[in-house]
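What follows is a short report on a single structure.
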Amino acid sequence: MSHIIDTLKKELEGAQADVRIQEVGRVLEVGDGIARITGLAGVALQEMLQFETSKGIVEGVAFNLEQDSVGAIVLGDPQAIKEGDKVTHSGRILSVRVGQELIGRVVGALGQPIDGHGPIFSEAAKTELYPLERTAPGVTAREPVGTPLHTGIKAIDSMIPIGRGQRQLIIGDRQTGKTSIAIDTIINQKSDTRLTTPVCIYVAIGQKESKVAKIIATFEEAGAMEYTIVLSAPASSPASFRYIAPYAATAIGEYFMEQGKDALIIYDDLSKHAVSYREISLLLRRPPGREAYPGDIFYLHSRLLERSSRLNKKRGGGSLTALPIIETQLGDVSAYIPTNVISITDGQIYLESELFNKGTRPAINPGLSVSRVGGAAQTKAMKKVGGKLRLELAQYRELAAFSQFASDLDEATKRTLDKGRILTEILKQPEFEPLPFHYEVVVIFAATNGYFDAVPVDRIQARSKELMMYMHKMHKPVLDAIEKTAELKDETIAGLKKALEEFNRVEKI
């Protein structure tokens, strides 16, 4: 017996206790995807939490830090959490895994695969964890926007140009073609052979799953999924997922930007994002303000969109271009959320229901649409042919409003109205048919220089398609010169005029 006691003493003397202190909280109440917790005094904002439930571990995020409790949003099944369940914090800030393997995949709000094609990352894959909330690049880390991002839409590339690193708002009522512009922009990215194809990220916030499936099918048909990531937080998902989805997508975009690449991100749409944030905030009993939105609703979108920029050469020269979408009610651009986002972005493309119903598609109102980057984001060729376009359309719209009440018009007014009708018709474009920019240049040059003046208005669309076919078959060197140099030099203009004169002598292609 004494031998046993001596052996135990020796063992105990050499033993070292592994003591760990862990903060443990308890669930006070849970409901509607929100949990209130007591006992986690050391938790950080946006820190991942783990709820230990009878059905296993459910994750959440610390969202409200109050004096006596912590408000958390649940990122799993809220039905599994019960009052009194144990909660611990992980020490990890809410993050998303990023890497090249995300390209071509459809993922959920936290980057998890939802396309049924298996895991995204292999064990050997080089990946990083990017936090959802990051500080935007400082002023000295950026450089001016000067490289074009062609949408393939004539009305936008000629009058409201978008540059790589810009934040351009697409705004309009429901069912006016906002998403179609975004889809066309993504599809068109592989057509610009002069520039590298950006990684495109489409974020569906609160959309119907059937609509998202249709968009993915469109991308696949056009071959755009080769460089596109789709991140979906559908209407059927909890408000917490719809809230974090655009931040997760931005973190993914920043990864590619910091690799020195160009990235394009579409937020479809931020109106639903704001509503999701309002829902979470009201459930957490944050004080409501105007239209029941919390006081920090402007900061919600500014800290998201400010992360889009063009980095300077020291930082790799990458860019992140943002095209947020906002839905208005009855064309009211002066409402709370629209004015907030207008003031954050570098311009807006305004789509008008009246124009849409008249058959002008895309239904872009050139008077209310603006790009604050302007000609800096245009090629020299597009700047040359599109310079007078906005002014001539504005004159046409003003005269058209008055001419319907006039019985007798002078010849100058008639010429302006005829020219305006031709330009309006030439800018019409079917959805999912974006044009390479050198074709846009040719068509707009022909319209602004009178080569369509003798064509009946109802034949202009067909005639412009015939022109593109004719140029491709008979005058490809002219097209190639515009594409390679992105300029309209004197010899190119001479060749283009000659081609257009020949084309006007041809009845049908």
Pair Glu306 + Arg167: basic N to acidic O under 4.0 Å: yes
Side-chain donor or acceptor of Arg307 paired with backbone N/O of Leu320 under 3.5 Å: no
Glu483 bridged to Arg194 by N-O distance under 4.0 Å: no
Side-chain heavy-atom pair Thr328, Lys178 within 4.5 angstrom cut-off: no
Main-chain N/O of Lys154 paired with Gln429 side-chain donor or acceptor, under 3.5 Å: yes
Phe356 side chain reached by Glu352 side chain, heavy atoms, under 4.5 Å: no
Pair Thr151-Asn188, side chain to side chain donor-acceptor pair (under 3.5 Å): steps then yes or no: CA-CA 6 Å; Thr151 64; Asn188 188 61; 5.9 Å; no
Main-chain N/O of Ile444 paired with Thr448 side-chain donor or acceptor, under 3.5 Å: yes
salt_bridge(Glu466, Arg459) N-O dist < 4.0 Å: yes
Ring centre gap for Tyr267 and His273 strictly below 6.0 Å: no
Under 3.5 Å side-chain donor-acceptor pair for Arg242 and Ser276: yes
Test: Lys484 and Asp480 ion pair at under 4.0 Å: no
Heavy-atom pair with the smallest gap, counting every atom of Ile187 and Tyr227: O-OH, 3.3 Å
Trace of the side chain to side chain donor-acceptor pair (under 3.5 Å) decision for Ser271 with Glu327: CA-CA 6 Å; Ser271 303; Glu327 184 180 300; over 6 Å; no
Lys358 bridged to Glu354 by N-O distance under 4.0 Å: yes
Arg463 charged N/C atom sitting above Phe503 aromatic ring, 6.0 Å / 45°: yes
Heavy-atom check, side chain of Ile215 versus side chain of Val230, under 4.5 Å: no
Full working for side chain to side chain donor-acceptor pair (under 3.5 Å) between Tyr243 and Glu279: CA-CA 10 Å; Tyr243 160 69; Glu279 183 181 333; over 6 Å; no
